[in-house]
Amino acid sequence: MLSLDEVQLTQLKGVGEKLAAVLHKLDIHSLQDLLFHLPFRYEDRTRFLALNQFRVGQHGLFEASIVKHSVVFGRRRSLEVIVQDASSTQVTLRFFHFSAAQTRQLDPGRVLRAFGEARLGRNGVEFYHPEYQVLSGDERHEIPDMLTPIYPLTEGIQQPRLRSLCKQALSWLDRCDIQDLLPDFVRTEYQLPALKHALKYLHAPPTDADQSALFEGRHPCQQRLIVEELLAHHLSLLKLRSKQRAHPAKPCSPTPDTRTLEARFLNALPFTLTDAQQRVANEIKQDLSCPLPMLRLVQGDVGSGKTVVAALAAIQTIAAGGQVALMAPTEILAEQHLSNFKAWLEPLGITIAWLSGKSKGKQRAETLALILDGRAQITVGTHALFQDDVVFQALTLAIIDEQHRFGVHQRLALKNKGAGLVPHQLVMTATPIPRTLAMSAYADLDTSVIDELPPGRQEIETFVLPDTRRLEMVEKVQKSCAAGNQAYWVCTLIEESESLQCQAAEDAAAWLTSQLPTLVVGLVHGRMKAKEKSFIMAQFKAGKIDLLVATTVIEVGVDVPDATLIIIENPERLGLAQLHQLRGRVGRGSKKSYCALMYHAPLSQHGKERLKVMKESNDGFIIAEKDLEIRGPGEVLGTRQTGLVEFKIADLLRDKGWLPQIKAIAAKLEPDSLIEERLIGRWLGERSHYAEV
Ligand code: ADP
Ligand code: MG
């Protein structure tokens, strides 16, 4: 039997180069791709509805004879066709786009067959642009005996054309072999239909198919393909992981030295680690002791104390003679890490270097020399550390804070800095990714979760109020700061325009200074010089500034435990995860903290819902789940950044229940089997760029 892989798209009737090019836009390059281009909904055109049976909003097929047609001039010119059927009901078909030729066909008395949605229009029940054909007496017009598929389209192709191509593809499917790539044990265990059956069913479901199941993606035939696709994606990530782990790393087993340094570090801390920190630190310790590169993602809600855990990893690495890089996405955050690490590790005799995009000239050259000859045991910095001319003596551990800002590819750029060995990688994120999703988006990483906040933290109380109540907030700042606390005032204007945002912050700072003459008001924003910024941050941290007016530059990581009030302007413009981050600037000590979300009316329904979520929850994971529901996985995970590709049929949110099973299935597959390659090829095709990294 011919294998389906051997059939070219152009072997289909009617497909020339021009149509093939259109199909390419839909990611259809082969007959197989065409068969996997599935309908996203169906219409029932198998039986007629009498016109008096239609309810508004209902789709259906009907036959009726033309009473008259005319062009009417309203707000928009339209062609009105009045028809009447056997139930003696008259309705109007209305066309805003029409041609003279079309009009000529519509003589009174002729019968037409149409499919459309009943709506309420100026003449009562109307159908706008129904699909129709005028019947000629002698032809036989068949009624389809299956549900009519509606496919995703692109410019240059319409439903009827795509439908007929898929029909042809199905007839090839009858004559060809298509390999069922799901192992038998999977099909049996989950009672999934065979591939051929599933494809045929989904392109041409029988009239009695469970339409609501199909619509919701619950039908076994869909499930079967969803499982296959999720599995393909999972396998491609695992492949990436095994590629990375194909090279050795420097094992950093704990020595007596390690234990001494660790003990000195922990004893100097003003607190003890939480159980969760302890557990995650141990997981990292195990990884670092292995001669294979660690690939670990540490997720911990805002304020859960990830930095200390990172410091422990650094200590273990350095005690074993290794070199560490610590990278943060913003200058402010990197500087904060620098000052923490200096305070913690310099007393232990560890040398720390600093490299940011702003390091220039002689200073930069000196730092590079320190990094190259290995005297810099830890280098803290921004993405400047990824640059090619930053050469380590032998990078052993790369710690990356706030992963969502860096891409998989940047992360991988580091793997070449280990002088023959691959560096261990520790990725820390406070953007809580729903657990199930993390498994799929970061299958190349092991995940640890710090699921506990340090003791004594109190829930942040969140208010939602319109910006017409700005003066009340000023008063609140006054009171709170007079009582010895500190506050943030965050200006979030239009995100795309940093300069406007900075301007807004400057204006707000000037206004607040005039309103609060007894307080010291400071200002930070992205366009200030690094030196100025860090000076202001240091002043704020030292308690010399009462109110800090800022743009979203303070979004991640900034840690000032005495700050107990944060006012966020225009919160309706920000994502929930970002709001949660911002809110996390307060509530970092044991004092009760408050967050005011000061929106600009009117709020959309969406906006209301989102702010309500913020008001009701302090839990990053719950917020992330809601965010996902509202915005979808692509945006939450940053499709481009994570290297996560789009799915053809699966929907991570809808189908997340499958993810644990997918993991289990993948584990049972024979390693390096051909099935893996074929699955990845079938579902990711040319998009399986993981293979290249
Ligand atoms: P994040 O996970 O958001 O990066 P940080 O590492 O900045 O959190 O820690 C937040 C604050 O909590 C810091 O001031 C830190 O010193 C403090 N902290 C960390 N661990 C503990 C702990 N076990 N007990 C008390 N405070 C802690
Ligand atoms: Mg942090």
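Numbering of ligands and ligand atoms starts at 1, following listing order. Numbering of residues begins at 1 and proceeds along the displayed sequence.
A perpendicular orientation is assigned to the rings of Trp344 and Phe265, their planes being inclined by more than 60° (bins at 30° and 60°).
Put simply, no part of Ile450 is less than 4.0 Å from ligand 1, judged by heavy atoms. Residue contact annotation: His337 has no non-hydrogen atom under 4.0 Å from ligand 1. For the pair Ser304 and ligand 1, a heavy-atom separation below 4.0 Å is found.
The shortest N or O to N or O distance between Gln277 and ligand 1 is below 3.5 Å. Annotation: Gly305 places an N or O atom under 3.5 Å from an N or O atom of ligand 1; distance criterion only. For ligand 1, the polar-atom distance check finds no N/O of Pro455 at less than 3.5 Å from any of the ligand's N/O atoms. Checked by distance only, ligand 1 and Thr272 come closer than 3.5 Å through their nitrogen or oxygen atoms.
Near Arg588, with a cut-off below 4.0 Å to any heavy atom, the atoms of ligand 1 are 3 (O), 5 (P), 7 (O), 8 (O), 10 (C). Taking every heavy atom of Thr307 and a limit of under 4.0 angstrom, the matching atoms of ligand 1 come to 4 (O), 5 (P), 6 (O), 7 (O). For ligand 1, the atoms closer than 4.0 angstrom to any heavy atom of Leu273 are 23 (N). If you number the atoms of ligand 1 from 1 as listed, the ones under 4.0 Å from a heavy atom of Thr274 come out as 23 (N).
Enclosure of atom CZ in Phe535 is not indicated, since only 12 or fewer non-hydrogen atoms of other residues, nucleotides or ligands lie within 6.0 angstrom. Counted within 6.0 Å of NZ on Lys592, heavy atoms from surrounding residues, nucleotides or ligands total more than 12; the atom is thus considered enclosed.
Inter-residue side-chain proximity for Leu397 and Met294 is flagged as met; some heavy-atom pair is nearer than 4.5 Å. Residues Leu523 and Ile536 form no side-chain contact, since every pair of their non-hydrogen atoms from C-beta on lies 4.5 Å or further apart.
With a 4.0 Å heavy-atom cut-off, ligand 1 is reached by no atom of Gln336.
Judged purely by atom type and a 3.5 angstrom limit, His337 has no side-chain atom pairing as donor or acceptor with the backbone of Gly381. With Arg583 contributing its side chain and Thr462 its backbone, the two residues share no donor-acceptor pair below 3.5 Å. Panel note: side chain Thr492, backbone Glu569; a donor-acceptor pair is recorded below 3.5 Å.
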